[in-house]
Amino acid sequence: MRLLPAFKFYMTPINRRRWLNFKANKRGYWSLWLFLGLFTLSLFAEFIANDRPLLVTFKGEVYAPVFVAYPETEFGGFFQTEADFRDPFVQDLIKEADGTIIWPVIRYDYRTINLNLTASAPSPPSRENWLGTDDQARDVMARMIYGFRISVLFGLVLTIASSVIGVAAGAVQGYFGGWTDLLFQRFIEIWTSMPTLYLLIIIAAVIEPSFWILLGILLAFNWVSLVGVVRAEFLRGRNFEYVKAARALGLADTTIMFRHLLPNAMVATLTFMPFILNSSITTLTSLDFLGYGLPPGSPSLGELLSQGKSNLQAPWLGFAGFFSIAIMLSLLVFIGEAVRDAFDPRKVLQ
């Protein structure tokens with residue numbers, strides 16, 4: 001409890017004002033905590049939704065199948081292959097030795113097929129499958145949790161990488177100006193005039209998609225989103241008196257750019273980052289919906305929406321995909337609005 005006052009003590013007055021402005025936006029403030037809570041839970045998806053037990057006790061030994069794959073022979077079975085703890089035969093072997101099995105809350109991961117459905121897939125929500133199953137008899141709740149995690153991680157990596165490249169490019173343009181700025185601007189105009197979505201579909205159709213390949217393709221087009229903002233800040237700040245004084249003292253250009261001018265440009269950059277994250281997640285969802293995103297079988301919110309479109313007789317698929325994406329993007333928009341208020345110099349607490 002005493003860490004918070006100490007934290008406030010070390011904050012500069014301007015950062016304290018920004019934090020108070022952020023907290024004043026109640027919708028954005030609580031959206032941040034809710035989003036962080038959901039994201040933190042998704043990081044431990046293997047402990048929430050998994051077809052492997054968390055712990056197994058057998059003949060006085062403790063096993064952690066969630067971390068290690070054990071052969072069936074370890075529990076008295078016949079096969080050297082990995083034990084299927086959902087198999088009643090394996091469960092009986094463990095119970096006969098007075099062992100115990102501790103399962104996660106959801107006994108399915110995103111790949112697990114429920115072979116004991118009482119209705120044809122896609123099956124409606126039940127006590128076993130809280131949000132039903134998709135058309136391949138996979139648990140929708142498990143796929144939604146894993147899909148949420150991979151969507152946010154993909155968006156975060158893409159946002160950070162594109163921001164680093166965009167800030168560096170905008171800084172070079174704005175600081176040096178002249179022919180450097182002119183040629184760079186013409187290149188960006190040509191680059192951004194290309195139909196990005198069509199190019200993504202063509203490339204994804206030629207190259208087998210994966211997490212990192214998709215990230216590289218999207219990064220090639222997303223880095224330009226911050227160039228204009230950073231360029232304008234550097235163009236404005238390079239003629240300030242303190243910058244001219246730094247040049248007269250013989251400081252290197254890189255030192256002036258990243259120590260004296262970059263902090264001013266980072267205000268606008270941080271304001272835009274939640275919206276860039278929102279756009280990155282939306283792009284991945286769109287590609288997955290069209291079938292040009294992550295490899296088949298990957299947990300994907302876009303693929304869940306696509307299944308909802310293809311199986312209108314199973315409305316729970318569309319509802320699950322829609323509400324998961326709508327809630328996630330809405331929280332990010334509210335957080336972005338609060339960040340914008342925090343860095344707005346005209347915003348003064350009453």
Side-chain angles (χ1 to χ4, degrees), residues 27-28 30-45 48-49 106 108-111 122 124-125 129-136 138-160 162 196-197 200-201 204 209 211 214-215 217-218 222 225 272-312 314-339:
R27 183 172 60 185
W30 290 111
S31 295
L32 173 64
W33 287 111
L34 181 56
F35 179 79
L36 289 178
L38 293 174
F39 180 53
T40 303
L41 286 176
S42 71
L43 291 177
F44 298 94
I48 300 173
I106 302 172
Y108 302 89
D109 74 352
Y110 66 92
R111 297 163 297 188
N129 304 106
W130 297 351
L131 294 179
T133 63
D134 62 7
D135 56 9
Q136 298 182 40
R138 298 172 300 189
D139 187 77
V140 173
M141 186 70 178
R143 291 187 64 80
M144 191 172 67
I145 295 173
Y146 283 90
F148 178 87
R149 180 175 68 178
I150 198 170
S151 296
V152 176
L153 288 176
F154 184 91
L156 285 173
V157 174
L158 180 59
T159 299
I160 294 172
S162 60
T196 306
L197 184 59
L200 288 173
I201 293 175
F211 182 93
L214 277 178
L215 184 68
I217 295 173
L218 291 175
N222 273 32
S225 54
F272 275 95
M273 284 187 72
F275 301 102
I276 298 175
L277 174 59
N278 205 326
S279 175
S280 301
I281 295 174
T282 304
T283 303
L284 177 64
T285 304
S286 302
L287 289 174
D288 288 334
F289 178 80
L290 296 173
Y292 297 100
L294 295 172
S298 301
S300 166
L301 299 179
E303 192 257 353
L304 189 57
L305 283 177
S306 178
Q307 287 212 25
K309 177 183 72 70
S310 303
N311 298 277
L312 297 179
W316 55 89
L317 295 175
F319 286 141
F322 169 77
F323 282 110
S324 59
I325 294 171
I327 292 173
M328 174 173 53
L329 298 184
S330 297
L331 292 176
L332 290 174
V333 169
F334 295 153
I335 294 170
E337 291 176 350
V339 172

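These numbers come from the heavy atoms of this one structure, side chains and all, not from hydrogens, waters or symmetry mates.
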Considering residues at least two apart in sequence or located in another chain, which fulfil the ring pair (Phe, Tyr, Trp, His ring centres under 6.0 Å) criterion with [X]?
X: F44; answer: none
X: F289; answer: none
X: Y110; answer: Y146

Would a distance-only check, ignoring hydrogens and angles, find a side-chain to backbone donor-acceptor pair under 3.5 Å from [X] to [Y]?
X: S306; Y: G302; answer: no
X: S225; Y: N222; answer: yes
X: T40; Y: L36; answer: yes
X: N129; Y: P125; answer: no
X: D139; Y: A142; answer: yes

Any M328 side-chain heavy atom under 4.5 Å of F35 side chain: yes

Side-chain touch I106/I145, heavy atoms, less than 4.5 angstrom: yes

Test side chain to side chain donor-acceptor pair (under 3.5 Å) applied to W30 - qualifying residues, sequence neighbours left out: none

Roughly how far apart are [X] [atom1] and [Y] [atom2], rounded to 0.5 Å?
X: L277; Y: T159; atom1: CG; atom2: OG1; result: 4.5 Å
X: L38; Y: L34; atom1: CG; atom2: CG; result: 4.5 Å
X: I160; Y: I276; atom1: CD1; atom2: CD1; result: 11.5 Å
X: L156; Y: M273; atom1: CG; atom2: CE; result: 8.5 Å
X: L284; Y: L214; atom1: CG; atom2: CG; result: 6.5 Å
X: F39; Y: S151; atom1: CZ; atom2: OG; result: 11.0 Å

By side chain to side chain contact (heavy atoms under 4.5 Å, CB included) - contacts of [X] (at least two apart):
X: N278; value: T282, L329, L332, V333
X: S324; value: M144, L301
X: R27; value: N25, S31, F334, E337
X: L218; value: F154, L158, L200, T283, L287

Only pairs under 3.5 Å count here: list side-chain donor-acceptor contacts from residues 316-323, not counting sequence neighbours, and write none if there are none.
unit_1, atom_1, unit_2, atom_2, d
W316, NE1, S123, O, 3.2
W316, NE1, T133, O, 3.4

Which residues share a salt bridge (Lys or Arg N to Asp or Glu O under 4.0 Å) with D134, sequence neighbours left out: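 R138, R143.
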
Sequence neighbours excluded - side chain to side chain donor-acceptor pair (under 3.5 Å) pairs with any residue from residues 288-301: D288-S300

Residue pairs fulfilling salt bridge (charged side-chain N to carboxylate O under 4.0 Å, His left out) with at least one residue in residues 145-156, sequence neighbours excluded: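 Output for this query lists E46-R149.
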
Nearest heavy-atom pair of [X] and [Y]: which atoms, and what distance?
X: V339; Y: P274; answer: CG2-CG, 4.3 Å
X: L43; Y: L153; answer: CD2-CD2, 4.4 Å
X: G28; Y: A338; answer: CA-CB, 3.7 Å

